[in-house]
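Letters go in sequence order (proteins before strands), and every chain restarts at 1.
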Number of protein chains: 2
Amino acid sequence: MLKLTKKADYGLIAMRHLTTVYPRSASAKDISDHYGLPAPVLAKILQTLVRGGFLASEHGANGGYRLSRGPELITAFDIVRTIDGPIFLTSCFTENGDCEHHKKCSIRDPLRRIHEGIISLLNKMTMSELAADADPVSGNSPIGMVSSANLTILNRQQL
Amino acid sequence: MLKLTKKADYGLIAMRHLTTVYPRSASAKDISDHYGLPAPVLAKILQTLVRGGFLASEHGANGGYRLSRGPELITAFDIVRTIDGPIFLTSCFTENGDCEHHKKCSIRDPLRRIHEGIISLLNKMTMSELAADADPVSGNSPIGMVSSANLTILNRQQL
DNA sequence: TCAATGTAGGACCTAAACAGTCGGATTTGC
DNA sequence: GCAAATCCGACTGTTTAGGTCCTACATTGA
C-alpha cells in the first residue's frame with residue numbers, strides 16, 4: 001500500500017515534539033499522553049531512535065529523551081529508515097544491490113529513479129521543517145480539551 | 001516499509017510487456033512464462049487492471065490482454081493504485097480527508113507535501129517511459145537462457 | 001536508604017494483509 | 001465438440017504490524 005507504518009508516524013510525531021522543546025528533554029510518557037499514543041509502543045520506538053543515534057536518553061526520575069543533535073541535522077528519512085528499516089520501492093532492489101535474476105526484469109531502472117526521488121523528498125524534510133508550522137508545545141495545547149481516553153479510542157480506530 | 005507489493009511489481013512488469021507489444025495482445029500465460037511469474041496470480045492482477053479500465057481482454061482461444069489506450073496515457077500511479085489501492089503516506093490522511101482527531105497532529109501538513117511529491121513522481125512515469133529503455137520482446141529474449149523452473153525458485157526467494 | 005520515576009529490552013499475542021492455490025464457469029477459434 | 005483462453009470467487013498459509021506484559025536497571029528526591 002505504499003505507506004509508512006504507524007510506528008514511523010509515531011516516531012515522527014515524537015521527534016517533532018522533541019524538536020519543539022529542543023534542547024530540553026521530554027519523557028516517553030509526556031509524549032504519549034500529549035498525543036494519545038500507546039506508551040509502551042512509543043517507548044520502544046524512542047529506544048530504537050536512541051540506538052540509531054538521533055536521540056539521547058536520560059535515565060532516572062526527571063529523565064527522558066532529547067535530540068542528540070540540532071533538528072536541522074535530522075531528516076524524516078533518518079527517522080523512517082531507523083524505525084521501519086530500509087526503504088525499497090520494489091522488492092527488486094535491496095540496499096546493496098539488485099535481485100540477481102531477471103537481468104532484464106525491465107522495470108528496475110525506471111523504478112529506481114522514482115525510488116531515489118522518494119528518498120530525496122524524505123531527505124530534504126528536516127525536523128526543523130517538520131516542526132516549522134507547529135504550535136509551540138507550551139501552555140495551551142489544542143489537544144487539551146479532549147480527554148486522553150477518547151483520544152486513545154480514536155487512535156485505535158483511525159490512526 | 002514503504003514499498004510496493006509484489007502484485008504491483010507484477011502488474012508493472014506485465015504492463016510494460018504489453019506496452020512493448022502494443023497494440024497487439026498477449027495472454028496471461030505468455031507473460032507469466034516470459035518472466036517466471038506465478039500464472040494464477042498474474043491472471044488476477046490483469047483482471048483487476050481490466051476492471052480499472054487500463055486493459056481490454058479478449059476471450060477465447062488466442063485471447064489475451066491489450067492496453068485499452070496508448071501507453072503514454074497510462075502512468076505507474078494508475079497501475080499501482082488500481083492494484084494496491086489508494087496510497088497513503090501516513091494513516092493520517094485518507095483519500096477524501098484527514099483523520100478527524102489530532103487537529104494538531106502536527107506532522108500532517110509537512111508529510112502531505114512529501115505524499116504529493118511521491119504521487120507526482122509516479123504520475124509522471126508513463127508506460128511509454130517504463131518501456132523506453134527495454135528490449136523489444138520479440139525473438140532473442142535475454143531471459144531465454146535461464147530455465148523457467150530456476151526463475152520460479154529465484155522468484156520465491158528474492159522477488 | 002528507600003520509594004518514585006524513568007529508560008532498556010525481551011517474550012508473547014492478535015489481527016490484518018499479502019501471496020498464492022484451487023475449482024469451476026464462460027467465451028471463442030478450429 | 002474440443003481446446004485454449006479469460007473470468008470469478010473461495011480458501012489457505014505465512015508474514016508482519018501493532019500492541020501488551022513483565023522484568024531489570026538507573027537516577028533523583030525525600
Side-chain angles (χ1 to χ4, degrees), chain A residues 1-11 13-14 18 24-33 36-52 55-66 68 80 83-86 88 90-91 152-159, chain B residues 1-11 13-14 18 24-33 36-52 55-66 68 80 83-88 90-91 152-153 155-159:
Chain A
M1 267 184 280
L2 194 64
K3 72 173 183 184
L4 299 179
T5 62
K6 284 188 196 178
K7 288 184 182 179
D9 279 350
Y10 295 167
I13 291 173
L18 290 171
R24 285 181 293 140
S25 66
S27 74
K29 187 167 187 312
D30 285 346
I31 300 175
S32 64
D33 282 353
L37 309 179
V41 174
L42 181 62
K44 224 173 266 189
I45 293 169
L46 294 174
Q47 288 159 25
T48 303
L49 291 173
V50 169
R51 283 194 294 273
L55 291 180
S57 63
E58 296 161 352
H59 282 229
N62 299 328
Y65 297 92
R66 189 170 26 85
S68 66
V80 171
I83 297 174
D84 280 349
F88 309 139
T90 168
S91 337
T152 305
I153 291 168
L154 284 167
N155 267 324
R156 294 243 171 79
Q157 294 174 339
Q158 303 190 353
L159 191 72
Chain B
M1 266 185 280
L2 195 63
K3 70 173 185 184
L4 299 179
T5 62
K6 285 189 195 176
K7 288 184 182 178
D9 279 349
Y10 295 167
I13 291 173
L18 289 170
R24 284 182 294 140
S25 67
S27 74
K29 189 169 186 313
D30 286 345
I31 300 174
S32 63
D33 282 353
L37 308 179
V41 175
L42 181 62
K44 218 172 270 188
I45 292 168
L46 294 174
Q47 288 157 24
T48 302
L49 291 173
V50 169
R51 282 194 295 273
L55 291 180
S57 62
E58 296 161 351
H59 282 228
N62 299 329
Y65 297 91
R66 189 171 26 85
S68 66
V80 170
I83 296 173
D84 279 351
I87 292 178
F88 309 139
T90 168
S91 337
T152 304
I153 291 169
N155 267 325
R156 294 243 170 80
Q157 294 174 337
Q158 304 191 350
L159 190 72

With 3.5 Å as the limit, what N/O pairs link the protein to nucleotides 28-30 of chain C?
from	atom 1	to	atom 2	distance (Å)
dT28(C)	O2	A61(B)	N	3.4

In whole Å, what is the span from the [atom1] atom of [X] to the [atom2] atom of [N]?
X: L42(A); N: dG18(D); atom1: CG; atom2: P; result: 14 Å
X: Q47(A); N: dT23(D); atom1: CD; atom2: P; result: 17 Å
X: I45(A); N: dG18(D); atom1: CD1; atom2: P; result: 9 Å
X: L37(A); N: dA17(D); atom1: CG; atom2: C1'; result: 16 Å
X: Y10(A); N: dT20(D); atom1: OH; atom2: C1'; result: 13 Å
X: K7(A); N: dT16(D); atom1: NZ; atom2: P; result: 12 Å
X: I31(B); N: dT6(D); atom1: CD1; atom2: C1'; result: 13 Å
X: L4(A); N: dT16(D); atom1: CG; atom2: P; result: 18 Å

Using a cut-off of strictly less than 4.0 Å, decide whether S57(A) has a side-chain nitrogen or oxygen near OP1 or OP2 of dG6(C). no

Phosphate-side-chain proximity, R51(A) and dA8(C), N/O vs OP1/OP2 below 4.0 Å: no

Out of [options], which nucleotide sits closest to the side chain of [X]?
X: Y65(A); options: dT7(C), dT21(C), dG19(D); value: dT7(C)
X: T5(B); options: dG6(C), dG9(C), dA19(C); value: dA19(C)
X: K29(A); options: dG6(C), dG9(C), dG18(D); value: dG6(C)
X: V41(B); options: dG20(C), dT6(D), dT7(C); value: dG20(C)
X: P38(B); options: dA19(C), dA8(C), dT21(C); value: dT21(C)

Under the criterion side chain to side chain contact (heavy atoms under 4.5 Å, CB included), I'd like the reasoning laid out for Y65(A) against Q47(A): C-alpha separation, chi angles, the key distance, then a yes or no. CA-CA 9 Å; Y65(A) 297 92; Q47(A) 288 159 25; 3.7 Å; yes

So what does A28(A) hit on the nucleic acid, given a heavy-atom distance under 4.0 Å: a base, only sugar-phosphate, or nothing? sugar-phosphate

For a side chain to side chain contact (heavy atoms under 4.5 Å, CB included) check, start with the C-alpha distance between L55(B) and S68(B), then their side-chain angles and the critical distance, and finish with the verdict. CA-CA 5 Å; L55(B) 291 180; S68(B) 66; 5.7 Å; no

Side chains of [X] and [Y], heavy atoms from C-beta outward: is any pair under 4.5 Å?
X: V41(B); Y: I45(B); answer: yes
X: L4(A); Y: I83(A); answer: no
X: E58(A); Y: R66(A); answer: yes
X: P38(B); Y: Y10(B); answer: yes

Is it the case that the base of dT20(D) and the side chain of K44(A) share a donor-acceptor contact (distance under 3.5 Å, atom types as modelled)? yes

Working to the nearest 0.5 Å, report the span between NZ of K6(B) and CG of L37(B). 11.0 Å

